[in-house]
Number of protein chains: 2
Amino acid sequence: MLAPESFVAGRWIGPDATARSIISPVTGVEIGRAGSAPPDPETLRDHALRKGGPALREMTFHDRARMLKALAQYLDSRKEELYALNPLTGATRKDGWVDIDGGIGTTFVFASKGRREMPDGHVYLDGATERLSREGSFLGQHIAVPKPGVAVHINAYNFPVWGMLEKLAPSLLAGMPAIVKPATQTAFLAEACFRMIFDSGLLPDGAVQLIVGGTGGLLDTLGPQDVVSFTGSADTALMLRQNPRLIASGASFIAEQDSLNATILGPDAGPDSPEFDLFINETAREITTKAGQKCTAIRRIIVPETMADPVTQALEAKLSKSIPGDPADPATRMGALVSPAQRADVLERCGRLADETTVVFRGSDGGYDEATGFLPPMLLHCNDPDAARAVHEIEAFGPVATLLPYRDIDHATALANRGGGSLVTSLFTHDPQVARAVTLGTAAWHGRVYINDRASAAEATGHGSPLAHMTHGGPGRAGGGEELGGIRGVLHYMQRTAVQGSPDMLTAITGQWVPGGREITGPAHPFRRHFDEIAIGETIRTEPRIVTLEDIEHFADFTGDTFYAHMDEDAAAANPFFPGRVAHGYLLLSFAAGLFVEPNPGPVLANTGLNALSFQKPVSPGDALWVRLTARRKTKRNDEYGEVAWHVTLYNQENEQVAEYELLTMVAFSS
Amino acid sequence: MLAPESFVAGRWIGPDATARSIISPVTGVEIGRAGSAPPDPETLRDHALRKGGPALREMTFHDRARMLKALAQYLDSRKEELYALNPLTGATRKDGWVDIDGGIGTTFVFASKGRREMPDGHVYLDGATERLSREGSFLGQHIAVPKPGVAVHINAYNFPVWGMLEKLAPSLLAGMPAIVKPATQTAFLAEACFRMIFDSGLLPDGAVQLIVGGTGGLLDTLGPQDVVSFTGSADTALMLRQNPRLIASGASFIAEQDSLNATILGPDAGPDSPEFDLFINETAREITTKAGQKCTAIRRIIVPETMADPVTQALEAKLSKSIPGDPADPATRMGALVSPAQRADVLERCGRLADETTVVFRGSDGGYDEATGFLPPMLLHCNDPDAARAVHEIEAFGPVATLLPYRDIDHATALANRGGGSLVTSLFTHDPQVARAVTLGTAAWHGRVYINDRASAAEATGHGSPLAHMTHGGPGRAGGGEELGGIRGVLHYMQRTAVQGSPDMLTAITGQWVPGGREITGPAHPFRRHFDEIAIGETIRTEPRIVTLEDIEHFADFTGDTFYAHMDEDAAAANPFFPGRVAHGYLLLSFAAGLFVEPNPGPVLANTGLNALSFQKPVSPGDALWVRLTARRKTKRNDEYGEVAWHVTLYNQENEQVAEYELLTMVAFSS
């Protein structure tokens with residue numbers, strides 16, 4: 001018997017007399033019990049706020065990213081234990097891949113993005129410095145810091161592992177402790193993964209807690225620094241949204257709820273096209289994967305009127321191969337819904353679609369009855385999708401989809417938008433102009449637009465797959481929330497703050513040197529200093545070098561860059577940007593390097609690139625060029641070296657800026 | 001008599017029998033009537049959705065930015081008409097400057113940012129392309145498009161012009177029509193500005209409407225593509241948030257409400273320091289400007305225990321000069337509250353602070369009584385700010401602030417955070433480490449942290465001034481909303497959508513060439529083509545050029561860049577990044593320019609810079625370098641030329657990428 005436990009303030013709590021029975025969707029018999037009296041909200045909160053939050057916020061973004069990477073590696077090493085439990089949810093191994101490997105993969109992506117896109121410090125920089133004053137003595141910078149509250153994650157039953165990890169990874173990377181509340185029916189699988197997180201010993205005490213069963217009054221105790229991230233039905237979401245204490249609390253509420261996702265077959269994608277086949281394959285897969293219990297699954301199949309018949313026939317042929325069967329059997333192509341109750345719910349919803357649709361295909365039930373969760377795939381047809389309402393509003397959360405014929409692209413986009421806000425719409429076309437028209441027509445109503453064609457077929461990730469890189473969520477009926485999307489998802493757990501002050505103040509706060517800030521003279525040339533020795537703000541100002549006409553002509557001759565602005569006085573003077581012949585921009589860059597380079601082997605290993613180079617004033621023959629170079633930002637890469645970004649400004653003899661850029665170098669540690 | 005009118009579906013509607021009386025805060029007598037029976041919500045919505053929305057969305061971001069610039073110029077030319085009405089709100093000319101010039105200036109900033117930071121098209125790109133596949137045939141890009149709904153702007157009485165324009169500018173730039181509902185007491189000034197917007201003829205029909213008086217059932221008719229942006233009291237905000245129809249609608253709700261803003265005097269800023277004087281001046285100004293009726297005004301003055309006395313004395317000296325008087329008189333330093341009722345409200349709230357505070361200063365009342373809006377500045381002192389509650393929770397929205405002594409920096413930040421979420425906290429310190437500690441300690445609880453010291457004093461914009469560049473809003477009690485912040489504020493009126501597809505699909509949707517997309521061979525070298533002739537995707541692939549050891553040595557000698565990786569085979573080979581001697585990165589850039597340059601005068605006027613240069617693989621002597629250059633993005637700058645951004649990749653003889661960057665050029669139009 002399964003008996004998943006809660007984990008509250010460091011203590012495991014098993015099911016009690018209030019526990020709910022878990023019925024196997026495969027056999028229809030009880031396989032476990034889950035839930036207990038709700039834990040005391042203040043105990044939960046205190047543990048998160050006093051232990052987990054401070055410990056996480058003490059770490060840098062990179063510390064937390066490394067922690068996530070180690071966690072993902074640990075889970076990956078034990079994932080077969082999760083796959084062993086997976087069939088008990090009705091899911092095949094392939095279904096489980098989305099959940100288990102998908103969840104671990106998402107954690108890896110956040111670990112990687114945390115290292116690459118966030119600083120190794122405590123303050124995230126949101127956007128560039130804003131110049132708020134003429135002389136630059138007063139500047140603005142948006143920053144983000146972790147919210148000093150707790151994140152409450154309320155998850156759906158369909159992806160117990162992915163659903164938990166895709167919320168945990170961004171919360172933990174942000175620096176926020178979390179309380180996870182999985183859906184009771186599949187809590188045993190979430191708990192198994194949670195227990196591995198605990199076993200790993202990688203997370204600080206209080207960083208994560210688990211509630212199997214009801215949350216009791218937890219949501220009534222939240223405050224303005226807390227975040228509720230909810231995945232589930234629109235009804236439950238609405239109930240939570242209307243909770244007056246939650247409204248008054250100022251807590252953030254992110255929801256991902258119902259969605260009548262659509263797929264559109266482009267008018268160009270006739271039955272002989274590769275896009276037609278891709279469309280049929282993906283649509284059939286979306287109907288049958290996870291027995292249709294995906295928030296992103298296709299519910300509405302929007303096809304040109306003229307192609308309704310061939311699409312129906314092709315889908316029938318494909319779906320007829322998906323016969324429900326034992327999810328533990330590797331030969332099974334489609335598993336069961338999560339429970340007999342869920343099966344009944346899907347059929348009840350199909351009944352509510354009956355006035356507007358006809359059933360054109362119903363597959364084999366594989367010999368299972370209503371005591372189980374097995375249900376065959378079904379294809380409905382809606383003859384008048386403009387008049388229809390239920391088809392656009394009622395989500396049968398199982399292997400069911402409705403075909404809707406369209407007249408032209410405007411009609412197709414209008415039908416897709418009738419969902420009132422969805423997570424995703426997909427489009428199969430090889431015509432970029434069709435892609436543009438459909439995307440512009442549907443984007444405001446969809447969190448994601450997925451386009452596939454022969455060019456991307458080999459690598460496309462699928463209509464139904466939310467990726468850690470891309471936002472997941474949608475407007476209106478889909479809940480109006482947004483998860484994932486790389487660092488965007490992390491920022492939901494942080495507060496954005498506009499900071500204003502002098503360059504020195506911003507430098508101290510951000511840990512990055514801000515132009516105009518204090519320049520530090522180090523004990524040696526900065527390129528002779530190791531990564532760990534270099535202070536932010538360490539600067540050299542070079543001697544000047546006269547740029548001669550001979551230099552310019554020589555450079556032109558050597559490189560082949562004989563652009564007239566360098567070669568012909570009259571033609572150059574006629575150009576609106578130049579006073580006459582001027583030096584090449586790359587000559588200036590090259591001379592600048594010559595002025596600040598340190599030729600001998602030392603800590604600087606390589607120049608790896610540069611950012612935001614702007615040529616601000618022409619340099620004429622006879623001008624004297626000199627350079628200021630300042631250590632702006634340091635990012636450790638591994639135990640041997642790290643990236644140092646230098647702010648570089650080129651000046652002329654009048655001390656006017658002629659060019660500015662950020663120079664990227666790899667610099668070794670001192671030992 | 002003032003009689004401001006509503007503007008609904010192209011029709012002006014004057015006050016009717018339901019109108020409210022407007023009482024002068026200066027004389028206490030009725031000076032006008034405002035309001036009428038609420039307009040029909042469907043009429044309002046239809047006009048916005050059928051006329052305003054489509055007309056605005058037809059325009060590009062740059063079209064709308066130019067429209068805003070012209071509008072700001074028009075308003076600027078007629079602003080004295082607004083200043084003439086301004087004293088009727090109780091405000092001095094200086095107070096009005098924040099409102100009137102501040103509102104126009106905000107519109108100018110959005111016009112400018114729209115041109116500089118958004119594309120001249122219909123799709124805004126949010127972040128970089130995400131590489132979702134190994135071979136690059138399937139990519140992701142976040143975009144934003146205008147919401148096809150209506151924005152409802154509910155404004156506060158204190159800034160009738162700025163409050164309207166700071167919401168209108170981002171809405172219109174996004175491409176969303178707006179319905180503006182000013183506060184009734186000062187609606188006459190908002191209406192006067194609105195009438196100028198109408199007179200300008202610059203906005204499409206239906207882009208803006210005005211409701212003077214109640215909104216009736218408007219909020220009950222909203223849907224998921226609509227946005228409510230509210231400024232006002234926490235009580236009203238809570239009422240709106242709890243509206244079940246609004247909750248169920250899926251409309252966005254942005255609120256900026258009460259705030260117990262704080263200012264902190266740094267422990268380093270003793271009475272003789274410049275920061276002490278700055279602190280006294282700004283604090284006194286925040287108390288008296290607009291008679292303290294600013295959502296950002298300082299309510300809590302947090303000072304070191306040891307400095308409580310000198311601060312009190314200095315503030316008393318300063319505040320005693322602010323005697324309320326006729327706001328129309330240029331000699332007046334402090335005007336009136338907006339109405340006698342508001343005066344009574346402030347005094348009632350002061351009464352609720354009396355248990356926790358003592359009144360240490362109350363200025364002259366200038367001879368005015370309770371029939372008017374005049375109130376003298378008041379300074380309260382709270383002896384035990386840790387035990388106090390009212391001081392941190394009750395906002396007396398007038399010329400009142402409370403002094404709170406602190407022990408150390410942690411105590412100061414804890415007190416600032418006791419506001420439960422504020423718009424702004426300010427800090428006066430010359431010590432960057434104090435700035436860092438206070439900012440990290442308070443950022444999560446404040447929408448803005450403002451730091452001033454001797455270095456920024458000459459250019460600092462003030463504790464109380466929201467700037468169009470920086471976000472305005474705050475967590476918790478401040479409403480949890482966010483306005484302004486440049487393009488961030490525009491995105492509240494747009495939907496973010498994750499788009500996935502092949503490079504060609506993303507190119508068509510975004511209007512920017514995506515690496516891996518189709519390369520177009522033009523009829524001539526792309527540098528011989530004018531701005532308007534160049535097609536996105538137009539490409540040249542150059543002939544190869546062998547990079548010789550002589551080239552490297554010559555370049556080193558010429559530029560002075562004799563870094564050992566170019567000069568010494570053994571030392572170079574010992575470096576973890578290089579196989580042996582390699583070419584300088586800038587030599588590669590320079591040779592690349594030589595390979596693709598078109599030397600004669602033509603449409604390309606100048607190379608203005610480059611972005612995101614990365615050196616990806618070393619180039620050894622004997623390698624052959626060649627270049628692919630593709631038109632990626634075009635941005636018109638003026639009638640003569642525009643910026644063309646080229647995507648450039650450098651390859652070796654094995655067709656391996658050795659470097660990649662974006663090249664920026666100015667290119668002339670063809671006539």
Side-chain angles (χ1 to χ4, degrees), chain A residues 130 133 137-138 140 145 147-148 224 241 247 250 421 432 435-436 439 443-444 448-451 455-456 459-460 469-471 475-476 480 495 497-502 504-505 508-509 559-564 571 577 585-586 589-591 593-594 597 599 601 606-610 613-615, chain B residues 130 133 137-138 140 145 147-148 224 241 247 250 421 432 435-436 439 443-444 448-451 455-456 459-460 469-471 475-476 480 495 497-502 504-505 508-509 559-564 571 577 585-586 589-591 593-594 597 599 601 606-610 613-615:
Chain A
E130 294 280 344
S133 57
S137 73
F138 186 73
V145 297
K147 295 194 184 197
R241 283 180 207 277
I247 294 173
R436 179 172 168 85
T439 303
R448 184 159 59 89
V449 174
Y450 167 93
I451 302 160
S456 52
E459 297 195 297
H469 312 70
M470 309 302 290
T471 49
Q495 171 69 33
T497 307
V499 179
Q500 298 171 290
S502 71
D504 282 341
M505 298 299 164
I509 291 162
T559 65
D561 181 352
T562 53
F563 187 57
Y564 70 93
F577 292 94
Y586 303 126
L589 277 189
S590 304
F591 277 6
V597 77
N607 166 9
T608 56
L610 55 83
L613 165 66
S614 67
F615 296 118
Chain B
E130 294 280 345
S133 58
S137 72
F138 186 73
V145 297
K147 295 194 183 196
R241 283 180 208 275
I247 293 172
R436 178 172 169 86
T439 302
R448 185 158 59 88
V449 174
Y450 167 93
I451 302 159
S456 53
E459 297 195 296
H469 312 70
M470 308 305 289
T471 50
Q495 170 69 34
T497 307
V499 179
Q500 297 170 290
S502 70
D504 282 341
M505 298 299 166
I509 291 162
T559 65
D561 182 352
T562 54
F563 188 56
Y564 69 93
F577 293 95
Y586 303 126
L589 276 189
S590 303
F591 277 7
V597 76
N607 167 8
T608 55
L610 58 81
L613 164 65
S614 67
F615 295 119

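Chain identifiers are assigned alphabetically (A, B, ...) following the order of the sequence lines, protein sequences preceding nucleic acid strands; residue numbering begins at 1 within each chain. Hydrogens, waters and symmetry mates play no part in the numbers below; they use all other heavy atoms, side chains included.
In plain terms, the two heavy atoms of B/Met470 and A/Val499 that are nearest each other are CE-O, 3.8 Å. The heavy-atom pair separating B/Asn607 from A/Phe615 by the smallest distance is O-CD1, 3.5 Å. Closest of all the heavy-atom pairs between B/Val597 and A/Gly560 is CG1-O, 3.7 Å. Here the shortest heavy-atom pairing between B/Ile509 and A/Arg436 reads O-NH1, 2.9 Å.
Ranking A/Gly585, A/Pro601, A/Ser133 against chain B, the residue ahead of the rest is A/Pro601, based on heavy-atom pairs under 4.5 Å. Put simply, of B/Asp504, B/Ile451, B/Thr562, the one with the most heavy-atom pairs under 4.5 Å next to chain A is B/Ile451. Comparing A/Ala443, A/Gly421, A/Gly140 by heavy-atom pairs within less than 4.5 Å of chain B, the highest count is held by A/Ala443. Comparing A/Pro475, A/Ala606, A/Pro148 by how many heavy-atom pairs each has under 4.5 Å with chain B, the most go to A/Pro475. When B/Pro599, B/Gly609, B/Ala508 are compared by the number of non-hydrogen pairs under 4.5 Å with chain A, B/Pro599 comes out ahead. Of the listed residues A/Ser614, A/Ala593, A/Pro432, the one with more heavy-atom pairs under 4.5 angstrom with chain B than any other is A/Pro432. The candidate with the highest count of non-hydrogen atom pairs below 4.5 Å against chain B, out of A/Gly501, A/Ala435, A/Ala444, A/Pro224, is A/Ala444.
Heavy atoms of A/Tyr450 lying under 4.5 Å from chain B belong to its backbone as well as its side chain. For B/Thr439, the part lying near chain A is the side chain, with the backbone staying farther off; criterion is any non-hydrogen pair under 4.5 Å. With a 4.5 angstrom heavy-atom cutoff, A/Ala571 touches chain B only via side-chain atoms.
Rounded to the nearest 0.5 angstrom, A/Leu613 CG and B/Leu613 CG are separated by 8.5 Å. One distance of note links CZ of A/Phe591 with OH of B/Tyr586; it measures 14.0 Å at 0.5 Å rounding. Here CZ of A/Arg241 is found 9.0 Å from CD1 of B/Ile247. Values are rounded to the nearest 0.5 Å. To the nearest 0.5 Å, the span separating OG1 on B/Thr497 from CZ on A/Arg448 amounts to 11.5 Å.
The side-chain hydrogen bond (donor to acceptor under 3.5 Å, both in side chains) search around A/Ser137 returns B/Glu459, not counting sequence neighbours. In this view, A/Ser590 satisfies the side-chain hydrogen bond (donor to acceptor under 3.5 Å, both in side chains) rule with no residue, not counting sequence neighbours.
Just one of B/Leu610, B/Asp561, B/Leu589 meets the side chain to side chain contact (heavy atoms under 4.5 Å, CB included) condition when paired with A/Leu589; it is B/Leu589.
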